[in-house]
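Presented below is the structure to which this report refers.
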Amino acid sequence: MKEQIALLLNGAIEALKAEGKLPADLEPNIQVENTRDKAHGDLATNLAMTLAKPARQNPRAIAEMILQALPASTVVDKAEIAGPGFINFFVNDAAIYSVVAEVLEQTDQFGRSKPTSDDRVQVEFVSANPTGPLHVGHGRGAAYGATLADLLEAGGMNVEREYYVNDAGRQMNILAVSVFLRYLELLGDTITFPANGYQGEYIRDIAAGLKQSQGDALQCSLDDLYLDVPADEPAGGDKELHIDGLIDRAQNILGAQYRTLFDAGLDSILGDIREDLGEFGVNYQCWFSERSLTSSGDVDEALKRLDDKGYLYEEGGNLWFKSTDFGDDKDRVVKRANGQTTYFASDIAYHMNKFERGFQTVINVWGADHHGYITRVKAAIQALGYDPERLVVKLVQFAILYRGSERVQMSTRSGSFVTLRELRDEVGNDACRFFYVTRKADQHMDFDLDLAKSESKDNPVYYIQYAHARICSVLRKLESEGMAWDQAMGLESLERLDSEAERDLVTALGKYPETVKHAAANFEPHQLANYLRDLASDYHTYYNGHKMLIDDEALRNARITLSVAVRQVIANGLTILGVSAPEQM
RNA sequence: GCGCCCAUAGCUCAAUUGGAUAGAGCAACGGCCUUCUAAGCCGUAGGUUGCAGGUUCGAGCCCUGCUGGGCGCGCCA
């Protein structure tokens with residue numbers, strides 16, 4: 001529809017140029033927009049206003065000329081000038097109502113675009129360290145990332161979803177030692193748990209599993225384990241040195257068996273995360289291991305490429321990347337004096353690997369606390385010879401958790417947090433998925449647990465699902481009354497739908513495809529969520545004012561046809577959001 | 001101190017990316033169930049878009065400076 005109007009406008013401009021009424025070198029940017037106010041027609045353009053300056057004429061005068069030059073069209077009933085120079089278009093009812101047939105023909109494909117190129121897009125999201133269960137903060141990233149990926153797919157892109165597994169590094173070693181101590185505890189030792197260890201109950205569960213599979217094969221004496229380990233913080237020492245000492249001892253004592261301990265923690269937690277996300281409707285094409293970057297030689301390769309280009313230098317025994325050449329505040333260490341590469345080095349290799357795998361665009365969904373990291377990663381990408389624009393980082397702000405008016409403090413280390421699983425159990429997957437993406441991702445969000453749990457009926461997701469269920473109910477009722485829906489008759493009788501509510505509803509349906517495109521183009525799932533709420537609202541209004549099951553056969557079929565089209569669009573939209581469309585509530 | 005994000009109705013958030021009279025949901029108040037699902041509908045009330053300038057036909061949106069809040073500034077991951 002918009003395209004058709006734009007074509008008409010373009011025709012008018014060309015004609016005016018040919019007549020010499022507008023400068024021949026004018027390059028108009030034709031924008032056709034939906035009107036907010038029905039008094040302004042269905043569609044509008046600000047074209048005359050944008051041309052006012054380059055054409056050096058009064059906008060209303062230009063609008064007048066455009067109107068005169070506008071080619072005839074079967075779509076436009078009326079066009080008029082309004083306000084400072086808007087041209088408002090009133091679209092023919094038949095053109096507007098044609099969307100109903102379109103929806104019924106295309107069914108679940110309505111609003112979806114076919115891929116226009118072979119370009120592949122990767123969305124990497126959640127990627128939480130596997131040191132504990134996912135909490136509600138991760139939930140937002142999960143819901144946003146999954147919805148974004150589905151939305152981009154609906155928008156016609158080839159999307160792959162990936163989880164970066166941080167299965168290397170100090171945090172994982174701390175996890176291993178935490179499990180080890182709980183394991184020794186189960187074998188009868190009395191231990192003093194380190195201040196910097198992972199305190200959560202789940203550590204004991206992992207330790208129990210380890211004991212079951214390994215028996216006492218990993219047992220060692222506490223005297224041996226604590227040999228020369230610096231004192232912990234509560235004992236007047238340093239908690240970091242203490243835990244590092246324990247890691248060192250555990251590795252020395254267990255030797256090759258350390259891997260068993262380490263993997264027991266990793267496998268258990270990663271398995272739990274997978275299951276959790278799966279139940280949440282979040283699925284990945286790839287779980288990418290950080291450790292594999294080292295074994296595959298990608299880290300060395302990435303550093304070599306940087307070195308070849310002259311972006312590495314040595315200072316104080318460390319190897320530095322000259323990220324300041326690309327706008328970073330300071331240069332960054334990629335390899336320590338002890339020969340260990342840093343996490344940043346892995347990340348450089350990881351992004352190199354992504355591009356080498358052939359992704360045209362790479363989208364990273366990160367928690368807002370990682371924003372300081374963007375510059376250096378982009379610097380590395382650029383230094384490696386890739387266009388940094390091909391990396392898009394979407395920051396997701398924290399969901400601040402409240403119980404009533406009290407803020408809930410979250411810490412993975414201390415084990416005090418609300419897990420995603422707990423939230424899902426209480427609130428339900430549908431409400432969770434929907435609630436998380438109703439707000440713009442870069443907006444801080446308050447999540448009141450009491451409200452979400454106790455008054456879950458007030459959650460807007462039910463409002464949309466209810467509209468879907470209502471339509472299903474009408475169809476059930478229709479059948480039980482011995483009537484049948486005649487789609488062909490309904491489509492032929494659409495002109496009988498002449499009330500304001502009906503026209504509004506059809507107009508709303510027509511906006512679905514552009515809503516999906518717009519939301520995808522801006523990486524903003526909340527636009528789709530808002531659209532669906534508005535569509536449901538339009539339907540509830542309609543439902544309350546119009547009876548479907550009436551004797552007038554043509555009108556009945558027309559109304560049911562419209563309702564079925566609405567049901568289809570709601571279902572299509574909810575599918576993208578990862579929310580179910582129940583037939584009954 | 002430097003950098004990034006944010007500030008819209010009592011609360012939680014929108015606003016088609018610079019368009020016309022800033023909109024929803026909660027909460028408050030008043031109506032609507034003998035009738036297809038009341039998890040619904042209709043109505044009332046609620047605003048100097050944090051403050052001060054600037055850009056232009058036009059600013060919640062762009063620019064500058066303040067104020068207030070969140071986050072980040074490791075050879076942690």
Side-chain angles (χ1 to χ4, degrees), chain A residues 31 33-37 39-40 44-46 48-50 52-53 58-60 82-86 88 129 131 166 168-174 240 290 316-320 329-330 332-338 340-344 346-347 367-375 395 397-398 400 438-440 442-448 451 455-463 465-467 469-478 480-481 511 514-515 518-519 521-522 524 526-527 529-531 533-534 536-537 539-550 559-560 563 584-585:
Chain A
Q31 299 170 37
E33 295 167 329
N34 298 317
T35 54
R36 286 188 211 205
D37 188 335
H40 299 142
T45 183
N46 59 355
M49 277 130 69
T50 61
K53 192 169 250 186
N58 173 322
R60 286 196 68 109
F86 289 103
N88 295 333
N129 283 353
T131 53
N166 298 121
R170 184 164 172 265
Q171 294 305 322
M172 291 305 295
N173 285 322
I174 294 177
E240 305 289 351
E290 177 189 352
N318 302 308
L319 195 58
W320 297 74
D329 297 339
K330 50 177 285 193
R332 308 289 171 175
V333 172
V334 289
K335 192 184 275 189
R336 295 173 210 137
N338 63 11
Q340 285 260 311
T341 53
T342 61
Y343 176 81
F344 180 48
S346 295
D347 231 10
D369 55 335
H370 284 66
H371 69 78
Y373 209 68
I374 298 173
T375 310
L395 295 178
Q397 290 289 340
F398 296 121
I400 302 165
T438 318
R439 275 83 209 231
K440 216 187 290 183
D442 58 8
Q443 204 42 280
H444 295 270
M445 185 173 89
D446 288 353
F447 201 126
D448 186 336
L451 193 74
E455 297 187 61
S456 59
K457 282 180 185 172
D458 290 334
N459 198 305
V461 68
Y462 296 103
Y463 183 80
Q465 292 179 319
Y466 187 52
R470 264 186 156 173
I471 297 168
C472 294
S473 171
V474 168
L475 290 174
R476 281 193 299 270
K477 186 80 178 176
L478 179 81
S480 73
E481 305 257 310
K511 287 177 185 167
E514 67 186 75
T515 301
H518 201 262
N522 290 292
E524 292 184 347
H526 77 278
Q527 292 186 8
N530 289 338
Y531 167 85
R533 202 202 49 214
D534 289 345
S537 171
Y539 189 77
H540 286 310
T541 298
Y542 176 51
Y543 181 90
N544 272 272
H546 300 73
K547 204 147 161 49
M548 311 285 139
L549 306 182
I550 50 176
R559 286 182 174 169
I560 292 173
S563 295
Q584 213 168 331
M585 288 175 76

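A note on names: the letters A, B, ... follow the listed sequences, proteins ahead of strands, and every chain is numbered from 1. For clarity, every value in this text was computed on a predicted model and none was experimentally measured.
Contacts of A:N58 with the nucleic acid, taken as non-hydrogen atoms under 4.0 Å apart, are absent. A:T541 comes within contact range of the sugar-phosphate backbone alone, with a heavy-atom separation under 4.0 Å but no base atom that close. At a threshold of 4.0 angstrom between heavy atoms, the contacts of A:Q397 are confined to the sugar-phosphate backbone, with no base atom among them. Among the protein residues, A:N173 comes within range of no part of the nucleic acid, since none of its heavy atoms lies under 4.0 Å from any strand. If you check every strand for non-hydrogen atoms under 4.0 Å, A:K335 touches nothing. Within 4.0 Å (heavy atoms only), A:Q584 reaches at least one base atom of the nucleic acid. Among the atoms of the strands shown, base atoms are found under 4.0 Å from some heavy atom of A:E524. If you check every strand for non-hydrogen atoms under 4.0 Å, A:A44 touches a base. Among the protein residues, A:K511 comes within range of no part of the nucleic acid, since none of its heavy atoms lies under 4.0 Å from any strand.
A donor and an acceptor atom never sit less than 3.5 Å apart when one is taken from the side chain of A:R36 and the other from the base of B:U21. The base of B:A14 does not come close enough to the side chain of A:D534 for any donor and acceptor atom to sit less than 3.5 Å apart. Taking 3.5 Å as the limit, the base of B:U17 and the side chain of A:E33 contain no donor-acceptor pair of atoms between them.
Syn is the glycosidic conformation of B:C33, whose angle stays within 90° of 0. With a glycosidic angle more than 90° from 0, B:U21 adopts the anti conformation.
Comparing B:U17, B:U37, B:G19 against the side chain of A:N522 picks out B:U17 as the nearest. Comparing B:C36, B:C57, B:U17 by their closest approach to the side chain of A:P84 singles out B:C57. With distances taken from any side-chain atom of A:V474 to the nucleotides B:C36, B:U21, B:A14, the minimum falls on B:C36.
B:C71 and B:A38: their C1' atoms are spaced 45 Å apart (whole Å). For B:U8 and B:G3, the C1' atoms lie 26 Å apart once the distance is rounded to whole Å. The gap from the C1' atom of B:C11 to that of B:A27 amounts to 8 Å, rounded to the nearest Å. Remark: the separation of the C1' atoms in B:A45 and B:U56 is 36 Å, to the nearest Å. Distance check on atom P: B:A52 versus B:A14 gives 25 Å, rounded to whole Å. A distance of about 32 Å separates the P atoms of B:G47 and B:U64, rounded to the whole Å. Between B:C76 and B:G10, the distance separating the two P atoms is 49 Å to the nearest Å. Between the P atoms of B:U35 and B:A28, the separation comes to 28 Å (whole Å).
Summarising the geometry, the separation between CG on A:N530 and C1' on B:A15 is reported as 9 Å, rounded to the nearest angstrom. If you measure from atom CZ of A:R60 to atom C1' of B:C57, you get 12 Å, rounded to the nearest angstrom.
In RNA chain B, the stems built from three or more successive Watson-Crick or G-U pairs (distances below 3.5 Å) are B:1-5 with B:69-73, B:10-13 with B:23-26, B:28-32 with B:40-44, B:50-54 with B:62-66.
With the nearest nucleotide of RNA chain B identified for both A:T45 and A:Y543, A:T45 has the one nearer the 5' end. Residue-to-nucleotide proximity on RNA chain B shows that, of A:P59 and A:H540, the 5′-proximal contact is made by A:H540.
The side-chain contact (heavy atoms from CB on, under 4.5 Å) search around A:N129 returns A:T131, A:N166, A:Q171, not counting sequence neighbours. With sequence neighbours excluded, the residues that form a side-chain contact (heavy atoms from CB on, under 4.5 Å) with A:R439 are A:R140, A:F435, A:M445. Taking the salt bridge (Lys or Arg N to Asp or Glu O under 4.0 Å) definition, one finds that A:R533 meets it with nothing, sequence neighbours left out. Residues passing the ring pair (Phe, Tyr, Trp, His ring centres under 6.0 Å) test with A:H546 are A:Y542, sequence neighbours excluded.
Ring orientation note: the planes of A:Y373 and A:H370 are nearly perpendicular, at an angle over 60° on the 30°/60° scale.
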* Reading nucleotides 72-77 of chain B 5' to 3', which nucleotides get B (base under 4.0 Å from a protein heavy atom), which S (sugar-phosphate only), which -? -> S-SBSB

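When all heavy atoms of A:H40 and A:T35 are compared, the closest pair comes out as O-CG2, 3.3 Å.
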